[in-house]
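Whatever order the structure lists ligands and atoms in, that order sets their numbers, starting from 1. What's counted below: heavy atoms across the whole structure, side chains too, no hydrogens, waters or symmetry copies. Fair warning: this is a prediction, and the values are worked out from it, not measured in the lab.
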Amino acid sequence: MSACFWVFTTLYLYTSNASPITGISSSKTIESLATNQQLYDGETLVSPDQRFELGFFCPSNPCKDVKFLGIWYKNIAPTTVVWVANRKRPIRRTSSGVHLMLDDYGVFVIQDGSKRVIWRSPPKNYSPSVGRKPVLQLLQSGNLVVRDCDINLSCGGYIWESFNHPSDTLLPGMELSLDYGSRLRYRAITSWRKKDDPSDGDFKFGFDRSVQAPQLVLTKENGVRLSRWGPWDGQKFSGMNSLMDNPILSPTLRFDDDQVSLKFEALNQSILLRLVLSPLGSLQFLWWKSKNEGWITILTLNKDNCDRIGSCGPYGICYSDDPSCRCLEEGFMAISSVDWCGFECSSGCKRKNDLNCTAGDGFLKYEQMKLPDNSSVWGALSINECENKCAKECSCMGYTSLNMYGNGSIICVVWLNDLIDLRTVHGGGNDIYIRMSHIELGIHLLTNLF
Ligand SMILES: *[C@@H]1O[C@H](CO)[C@@H](O)[C@H](O)[C@H]1NC(C)=O
Ligand SMILES: *[C@@H]1O[C@H](CO)[C@@H](O)[C@H](O)[C@H]1NC(C)=O
Ligand SMILES: *[C@@H]1O[C@H](CO)[C@@H](O)[C@H](O)[C@H]1NC(C)=O
Ligand SMILES: *[C@@H]1O[C@H](CO)[C@@H](O)[C@H](O)[C@H]1NC(C)=O
Ligand SMILES: *[C@@H]1O[C@H](CO)[C@@H](O)[C@H](O)[C@H]1NC(C)=O
């Protein structure tokens, strides 16, 4: 009988004297929420290190008609929200007695004073065993978790975690992921609709489900692809060296079975860092410098015209120093020679000499390139096997070898269509072998013969 007696209220509820965030006045803060407690509008759940706080907030100031349940940094003004629970189901400001509660099955529910449910987290296929109950906690990382705990708050694994349901922000330790098996299990970030409206906006950033070698893609509504990083070569997303060569954060890509996931860590744990996708589709790493300086942009990942997928068309190369397009150095010429790229750049380039696959084409090596879009993966093959296989497949326009999994296995990556979205990236690119007519390669063949 005594095992079922719950004492969380007295043990874990205390009044905070910390100063409230501008626009949000918390009357009371708690460290965990048990099934017999409620978190009312105005109260907050805080992480043990006081870095993050969960509560009800108004996205607009002054507060207009709706409220949301979310997580923000506790001691930063103006309020910076990093996660929102009920993006699709806002709380009318006129609702009274709004509170959060956790049921016996680990589902947490936002309801009003008359117990009308406004939003609930998805069911979790959990029922507690004797002497155990679910508890809601906000961890130091900013991850909101439902855990299975005993009476002494000794807790087991996570029944649910907010890190698996990202909003518009990726915090250190949080993952973007894709399961190549189902392609449905997918974790991406989605922009807010407007600065003062956290409902789902038009922009999404996550792994690219339409290609085989892992790359990340920014899309807008209807899945139109705007900008991409990648493919991953074991160390970096091809062309994205800025993500590697900076003193503030480090990315990690992980492969397990069919799943690939990416997270980043702050190199100094005590700094505040976030990757956020703005309502206008800008993707930025921000760093909290100080009260006076606020959030500093340390990286903008889609900043110029060259970051737009295919901005120079097939076989075109984009140059961002002098925003313009040129054709691949050898064997290609602009399709529309009239003022190419003065007005419309995406028409791209064509071959000076046609390919003749049956007679036998060759390959020319280009170095330091951002690898093209729409890759296919042909598995572990030596570079020679990869070339031979690509040569026999007439639609194969290029190939390369990548230590994609970072474990030494050399993976053959090929492109079975015209090559699009190429760039020259000194220090951050990769080699690619591009199919060429043997007429173009004549000179190279001759050198090989003698
Ligand atoms: C809880 O802690 C008390 C005192 O330390 C201990 O006697 C009791 O066995 C613990 N209960 C459980 C379920 O671990
Ligand atoms: C980490 O950041 C904190 C706060 O900015 C600073 O005081 C500390 O010296 C840094 N530590 C390292 C190892 O750079
Ligand atoms: C391809 O090369 C073969 C052999 O040299 C030749 O017979 C054929 O006409 C060529 N095809 C084209 C489309 O040029
Ligand atoms: C991507 O490549 C596949 C073949 O691997 C092709 O069927 C598809 O049309 C290509 N998509 C684009 C947008 O080029
Ligand atoms: C490298 O990782 C891939 C994917 O997990 C796996 O298929 C492959 O066998 C691994 N290679 C080695 C040499 O361990």
Side-chain angles (χ1 to χ4, degrees), residues 1-13 31-32 34-36 47-52 73-77 80 82 104 106 126-135 137 140-142 146-157 159 171-173 244-251 264-275 285-299 331-333 350-364 388 390-397 418 435-446 448-449:
M1 265 201 64
S2 61
C4 294
F5 179 66
W6 293 89
V7 288
F8 291 149
T9 312
T10 45
L11 278 176
Y12 297 102
L13 204 65
E31 283 191 347
S32 62
T35 49
N36 58 348
S47 65
D49 61 350
Q50 309 276 305
R51 182 176 281 195
F52 292 102
Y73 296 94
K74 184 163 164 51
N75 293 309
I76 284 180
T80 305
V82 297
D104 290 338
Y126 160 84
S127 56
S129 45
V130 175
R132 300 188 76 88
K133 287 234 164 178
V135 170
Q137 289 179 335
Q140 231 157 293
S141 57
V146 177
R147 309 179 73 172
D148 171 68
C149 303
D150 74 7
I151 187 170
N152 294 336
L153 216 60
S154 159
C155 302
I159 303 164
L171 294 171
M244 300 300 299
D245 309 333
N246 77 79
I248 293 180
L249 58 98
S250 84
F264 72 91
E265 297 290 353
L267 294 175
N268 180 340
Q269 302 285 325
S270 65
I271 70 166
L272 304 184
L273 196 61
R274 62 193 170 108
L275 172 68
F285 272 105
L286 300 168
W287 167 36
W288 180 255
K289 190 93 185 289
S290 65
K291 227 178 189 135
N292 290 336
E293 290 160 283
W295 290 102
I296 305 279
T297 303
I298 50 172
L299 276 179
F332 291 87
M333 60 197 234
K350 63 178 180 194
R351 294 171 187 282
K352 290 180 187 157
N353 292 292
D354 289 341
L355 296 174
N356 188 334
C357 185
T358 44
D361 301 317
F363 291 89
L364 194 58
N388 290 338
C390 182
K392 283 186 200 126
E393 169 70 55
C394 296
S395 68
C396 183
M397 293 300 148
D418 284 339
R435 183 184 284 267
M436 289 285 169
S437 155
H438 72 275
I439 299 166
E440 290 296 336
L441 293 166
I443 197 107
H444 298 260
L445 291 177
L446 279 175
N448 286 350
L449 278 175

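When only non-hydrogen protein atoms are considered, atom 14 (O) of ligand 2 lies nearest to N268 ND2, 3.4 Å. Annotation: atom 4 (C) of ligand 3 to nearest protein heavy atom, A359 CB, 3.9 Å. When hydrogens are left out, the protein atom nearest atom 6 (C) of ligand 3 is N356 ND2, 4.1 Å; that is the closest non-hydrogen contact. Nearest protein heavy-atom neighbour of atom 12 (C) of ligand 1: N152 ND2, 3.5 Å. Among protein heavy atoms, atom 5 (O) of ligand 2 sits closest to I271 CG2, 4.3 Å.
Ligand 3 has no N or O atom lying under 3.5 Å from any N or O atom of T358, backbone or side chain.
Contact annotation: the side chain of I248 approaches that of I271 to within less than 4.5 Å [non-hydrogen atoms, C-beta and beyond]. Looking at D354 and S437, their side chains never come closer than 4.5 Å, going by heavy atoms from C-beta outward.
Applying the ring pair (Phe, Tyr, Trp, His ring centres under 6.0 Å) criterion to W287, with sequence neighbours excluded, gives no partner residue.
Within the 4.0 angstrom cut-off, atom 2 (O) of ligand 2 has one or more protein heavy-atom neighbours. Distance check for atom 9 (O) of ligand 2: every protein heavy atom is found at 4.0 Å or beyond.
Here is the list of ligand 1 atoms found below 4.0 Å of a heavy atom in D150: 12 (C), 13 (C), 14 (O). Shown in contact with S270 at under 4.0 Å from a heavy atom are these atoms of ligand 2, numbered in order with element: 1 (C), 2 (O), 3 (C), 4 (C).
Checked by atom type, the side-chain pair N292/S290 shows no donor-acceptor distance below 3.5 Å. Side-chain contact of Q140 with R51: a donor-acceptor pair under 3.5 Å is absent, judged by distance alone. No hydrogens or angles considered: a donor-acceptor pair under 3.5 Å links the side chains of S47 and D49.
A tilted orientation is assigned to the rings of Y73 and W295, their planes being inclined by 30° to 60°.
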